[in-house]
Undergrad: 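Would you mind keeping the following structure in view while I ask a few things?
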Amino acid sequence: MRPLILFVVGGVAGTFVAYDPALSLAWLFPMFMGVLLYLGAVAILRHRLTVVAVVLAFWGVGYSAMLATQYRHLGFGEKLELAAWLGRQISAPFPDVTPVFIDANAAASFLAPAMPLIVGLAWNARGAYRAAWGIAAGVVAFGVLLTSSRGAFVALAAASFLWLLVRVQAQAHRSDARLPRFDRRHAIVAGAVIAGVVAGSILLVRHPLVQDALASAMLRAEDRLAVYRNSLFLALDFPFSGIGPGAVFGQMYSRFQLLIVPTYIGYAHNLFLGVWLAQGIIGLISFLWLLIASLRRIVPALHTQSPLIQGVAIGCTVLLLHGLTDAPQYDTSWATLILAFGLFGITAATVSRPINAPLHTAEHAPPRRTLHSLAVAVTGIIVLTLSAPHLAAAGAGNYAAWLQSRAMLTEGLTQEERAALMRESVVWVNHGLRMAPDSPLMQKRLGMLALDFGDYPRAVHALERAQTLLASDQATCKALGLAYVWNGDPDHGAKILAHLDDADEVREELGIWVYAWQERGRNDLAAYAERAAQAMTPRNNNE
């Protein structure tokens, strides 16, 4: 219960951190709905968990049916040609009745965890009910197929393998379990099957269509890894507070990491980064606490549970595995947030301490455990003492970045109010530098502010110092390159900018800066921008 309370506290605090709390308040409702569902499953509906599971299953089936009938109106990307063709054929007779935009990844993040839940219901049922739930599982599986989400496919495959291991463990613990005989004939059959699978995989991988799909997946993976890296550095700018939940990520990511105005991407595509950014360090700690406590409680006894409860636990696993590559719960898939709390609530209400565990074990901790806890506490105190200046500086930098975000993005402020926020941000940066002068995060924040204020020599000096430890941070490198350009060294600045992931886009930005500086009467900076853009232009090998 304590980590859940901490998680809620982090969520509520995150709404006040956001540059526009109105964008985060909408996220609070599904979070509170999910928490109430969790508490209801644990405290009130402990003996009616099947009813909760059935409601969640019907919700998933209805959602999947909606995708099937509305597919041609949803604008999903056609990653899988077969799925797109089936979706168009089935949805052809149905008019467009979808009231809101639906993201394919958001739909997959909701439907994929519901699949094991429905399979568990089918496994638990008998006769016609089993057949009905089997059809329902097929409907939801078709919905997942329509989303063409690779992350959902991989998560379901991995979770299915884990479920198979759980079933094998359950069979091994049966009193009448026997080891299968393994003679020469079985060895030949097993070898032939393995050889056939390997040969088929080699032939399949060499097929042109499969190679194109793999190449596309690799490019997608590179883009996704870049988003993870940039999101991590964004979190390091706001390590304690985060940036707030809801639809605030897009602008913060663009302004603080890409240093552009247009919104580039809507969320971090990773559940752990999403929690950290949305709910700050409190949310991340509580989420990890919940996860570790749940694993310690669920895993040892999962093989003793019914197929329904195993399906629910595997659904939680799908949610977490898919969350490693795509987690829109904080922007476009609040339905997934509610489903997640429901699945975790059913699991927490069902899986309890093993019956044979003695009741007094928690009352008298063994001496070794006490010494271990004492050693951990002493180590933690030493680490906190040694890192206190850098932690305090990081807190000052966090507050300075928050003030800067409000100055840049909060609507309805006057120019005088924005300027006052920027000046206060500078004050807090100076506080942080006094506490930890060598902190790369503080040097980065100082350089960013100096760049905004037009103090380009100071920006170059600070960002050079920050880059020594933040060489992978695209924001630091881009800001340093621009600082060199505006400081009168466009050739060196162009060399730095050419190493960015989006170097072509930066070259186009420099072309726009030429006109922007001319409109502001800074023909000198316009000339620097033009020179840097020319230096970044690819040269023809024949020249």
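Please read all numbers here as calculations on a predicted model, not as lab measurements. Only heavy atoms go into these numbers, but all of them, side chains included; no hydrogens, no water, no symmetry mates.
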Undergrad: Check the pair Leu56 / Val52 against side-chain contact (heavy atoms from CB on, under 4.5 Å), numbers first and verdict last.
TA: CA-CA 6 Å; Leu56 294 176; Val52 180; 4.3 Å; yes
Undergrad: Starting at OG1 of Thr15, measure out to CH2 of Trp27 and round the result to the nearest 0.5 Å.
TA: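 Answer rounded to 0.5 Å: 8.5 Å.
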Undergrad: When you compare the side chains of Ser109 and Thr336, does any donor N or O come within less than 3.5 Å of an acceptor on the partner?
TA: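 On atom types as modelled, these side chains qualify, holding a pair under 3.5 Å.
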Undergrad: Does His269 have its ring centroid less than 6.0 Å away from the ring centroid of Tyr267?
TA: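 When the ring centroids of His269 and Tyr267 are compared, they turn out to be within the sub-6.0 Å range.
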Undergrad: Please give me the minimum heavy-atom distance between Thr347 and Leu343, naming the atom from each residue.
TA: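 Closest approach of Thr347 to Leu343: OG1-O, 2.9 Å.
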Undergrad: Other residues, nucleotides and ligands only: do more than 12 of their heavy atoms fall within 6.0 Å of CE on Met33?
TA: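 No, CE of Met33 has 12 or fewer neighbouring heavy atoms, counting only those of other groups under 6.0 Å.
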Undergrad: Tell me if the centroids of the rings in Trp276 and Tyr228 come within less than 6.0 Å of each other.
TA: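 Distance test on ring centres: not under 6.0 Å, no.
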Undergrad: Kindly check if the number of other-residue, nucleotide or ligand heavy atoms within 6.0 Å of CZ (Phe94) is above 12?
TA: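 Correct, the count exceeds 12.
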Undergrad: Just so I know, are the side chains of Leu319 and Phe344 near enough to count as touching, which here means a heavy-atom distance under 4.5 Å?
TA: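 Side chain of Leu319 against side chain of Phe344, heavy atoms only: contact under 4.5 Å found.
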Undergrad: Using the rule side chain to side chain contact (heavy atoms under 4.5 Å, CB included), only one of Leu259, Leu258, Asp501, Leu497 pairs with Val506; which is it?
TA: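 It is Leu497; the other options fail the test.
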Undergrad: Just by distance, no angles: are the side chains of Gln251 and Tyr19 close enough, under 3.5 Å, to form a donor-acceptor pair?
TA: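 The criterion, which ignores hydrogens and geometry beyond distance, is not satisfied for Tyr19 and Gln251.
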Undergrad: Look up atom CE in Met536 and atom CG in Leu500, then write down how far apart they are to the nearest 0.5 Å.
TA: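 Reported to 0.5 Å precision, the distance equals 7.0 Å.
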Undergrad: With no hydrogens and no angle check, is any side-chain donor or acceptor of Arg72 less than 3.5 Å from a backbone partner on Arg88?
TA: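 Not a single qualifying donor-acceptor pair exists.
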Undergrad: May I ask you to decide if Thr69's main-chain N or O and Ser91's side chain share a donor-acceptor pair within less than 3.5 Å?
TA: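 It does not hold such a pair.
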Undergrad: Mind listing the closest non-hydrogen atom pair of Leu74 and Gln70 along with its distance?
TA: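 That would be CG-O, 3.2 Å.
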Undergrad: Could you list the donor-acceptor pairs under 3.5 angstrom formed between side-chain atoms of residues 159-168 and any protein atom two or more places apart in sequence or on another chain?
TA:
| from | atom 1 | to | atom 2 | distance (Å) |
| --- | --- | --- | --- | --- |
| Ser160 | OG | Leu156 | O | 2.7 |
| Trp163 | NE1 | Gln310 | OE1 | 3.1 |
| Arg167 | NH1 | Gln310 | OE1 | 3.0 |

Undergrad: I'd like to know if the side chain of Ser149 reaches the main chain of Asn105, judged simply by a donor and an acceptor atom lying under 3.5 Å from each other, with no hydrogens or angles considered.
TA: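 No; judged by distance alone, with no hydrogens or angles, the pair does not exist.
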Undergrad: Main chain of Leu290, side chain of Ser294: is a donor-acceptor contact present, judged purely on distance under 3.5 Å?
TA: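 Side chain of Ser294 to backbone of Leu290, a donor-acceptor pair under 3.5 Å: yes, one is there.
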Undergrad: Counting C-beta onward and ignoring hydrogens, is there a side-chain heavy-atom pair between Val312 and Leu49 closer than 4.5 Å?
TA: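 No, side chains not in contact.
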Undergrad: Does the side chain of Asp473 come under 3.5 Å of the side chain of Gln257 through a donor N or O and an acceptor N or O?
TA: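 There is such a pair (donor and acceptor under 3.5 Å, judged by atom type) between the side chains of Asp473 and Gln257.
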Undergrad: Can you tell me how far CE of Met31 sits from CD1 of Ile338, rounded to the nearest 0.5 angstrom?
TA: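 Reported to 0.5 Å precision, the distance equals 11.5 Å.
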Undergrad: Counting distance only, does the side-chain N/O of Arg224 pair as donor-acceptor with the main-chain N or O of Thr325 below 3.5 Å?
TA: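 Yes, because the side chain of Arg224 sits within donor-acceptor range (under 3.5 Å) of the backbone of Thr325.
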Undergrad: Go through Leu86 and Tyr71 one step at a time and tell me if the side-chain contact (heavy atoms from CB on, under 4.5 Å) criterion holds.
TA: CA-CA 9 Å; Leu86 289 173; Tyr71 180 85; over 6 Å; no
Undergrad: Answer yes or no: is there a donor N or O on one side and an acceptor on the other, between the side chain of Asp103 and the main chain of Ala106, under 3.5 Å?
TA: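 Confirmed, Asp103 side chain pairs with Ala106 backbone.
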Undergrad: Before giving the answer on side-chain contact (heavy atoms from CB on, under 4.5 Å), spell out for His322 and Val154 the whole-Å C-alpha distance, their side-chain angles and the decisive distance to 0.1 Å.
TA: CA-CA 8 Å; His322 191 201; Val154 172; over 6 Å; no
Undergrad: Asn124 and Pro307: which non-hydrogen atoms are nearest, and at how many Å?
TA: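 Looking at all heavy atoms of both residues, the shortest contact is OD1-CD, 3.2 Å.
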Undergrad: Leu121 and Ala57: which non-hydrogen atoms are nearest, and at how many Å?
TA: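 Here Leu121 and Ala57 meet closest at CD1-CB, 3.6 Å.
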Undergrad: Is the count of non-hydrogen atoms from other residues, nucleotides or ligands lying under 6.0 Å from His73 atom NE2 greater than 12?
TA: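 Result for NE2/His73: enclosed.
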Undergrad: Backbone N or O of Ile260 within a donor-acceptor pair of the Ser254 side chain at under 3.5 Å?
TA: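 No.
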Undergrad: Before you tell me yes or no, could you show the steps for Val140 and Val61 under side-chain contact (heavy atoms from CB on, under 4.5 Å), namely the whole-Å CA-CA distance, both residues' side-chain angles and the distance that decides it to 0.1 Å?
TA: CA-CA 6 Å; Val140 175; Val61 172; 3.9 Å; yes
Undergrad: Taking the ring of Phe287 and the ring of Phe272, is the distance between their centroids below 6.0 Å?
TA: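 Between Phe287 and Phe272, which both carry aromatic rings, the centre distance is below 6.0 Å.
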Undergrad: Arg507 side chain to Ala533 main-chain N or O, any donor-acceptor pair under 3.5 Å?
TA: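 Flag not set: sc Arg507 to bb Ala533 has no pair under 3.5 Å.
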Undergrad: Does any part of the side chain of Leu308, heavy atoms only, come nearer than 4.5 Å to the side chain of Trp123, both counted from C-beta?
TA: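 Result no, sub-4.5 Å side-chain heavy-atom pair not found.
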Undergrad: Would you say the side chain of Leu339 lies within less than 4.5 Å of the side chain of Pro113, judging by non-hydrogen atoms?
TA: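 SC-SC contact between Pro113 and Leu339 confirmed.
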Undergrad: Would a 4.5 Å heavy-atom cut-off, applied to side chains only, mark Val8 and Phe32 as touching?
TA: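 Contact flag for Val8/Phe32 side chains = yes.
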Undergrad: Compute the ring centroids of Trp402 and Phe238, then answer whether they are less than 6.0 Å apart.
TA: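 Centroid distance Trp402-Phe238: not below 6.0 Å, so no.
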Undergrad: State, to 0.1 Å, how close Phe153 and Ser148 come at their nearest heavy-atom pair, and which atoms those are.
TA: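 Phe153 and Ser148 have their closest heavy atoms at CZ-CA, 3.9 Å.
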Undergrad: Between CD1 of Ile102 and OG1 of Thr147, what distance do you get to the nearest 0.5 Å?
TA: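 One gets 12.0 Å once the value is rounded to the nearest 0.5 Å.
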Undergrad: Just so I know, are the side chains of Arg255 and Ser405 near enough to count as touching, which here means a heavy-atom distance under 4.5 Å?
TA: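 Of all side-chain heavy-atom pairs linking Ser405 with Arg255, none is under 4.5 Å.
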Undergrad: Hey, are Glu509 and Lys478 close enough for a salt bridge, meaning a charged N less than 4.0 Å from a carboxylate O?
TA: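 Answer for the salt bridge query: yes.
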Undergrad: Hey, do the aromatic rings of Phe110 and Trp59 have their centres closer than 6.0 Å?
TA: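 For Phe110 and Trp59, the ring centres are under 6.0 Å apart.
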Undergrad: Is any side-chain heavy atom of Ile309 closer than 4.5 Å to one of Ile346?
TA: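 Ile346 reaches Ile309 side chain to side chain.
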Undergrad: Rounded to the nearest 0.5 Å, what separates atom CG in Asp237 from atom CD1 in Ile243?
TA: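 Taking CG in Asp237 and CD1 in Ile243, the distance rounds to 10.5 Å.
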Undergrad: If you look at every heavy atom in Ala503 and Ala498, which pair is closest and at what distance?
TA: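 Shortest heavy-atom separation between Ala503 and Ala498 comes out as CB-O, 3.7 Å.
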Undergrad: Find the distance between OG (Ser286) and CD1 (Ile282) and round it off to the nearest 0.5 Å.
TA: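 The OG atom of Ser286 sits 8.0 Å away from the CD1 atom of Ile282.
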Undergrad: Considering residues, nucleotides and ligands other than Tyr264, do more than 12 of their heavy atoms fall under 6.0 Å from its OH?
TA: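 No, the 6.0 Å shell around OH holds no more than 12 heavy atoms from other groups.
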Undergrad: I'd like to check Tyr253 versus Ser231 (side-chain heavy atoms, cut-off strictly below 4.5 Å). Are they in contact?
TA: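 The answer is yes, as the side chains (C-beta and beyond) meet within the 4.5 Å cut-off.
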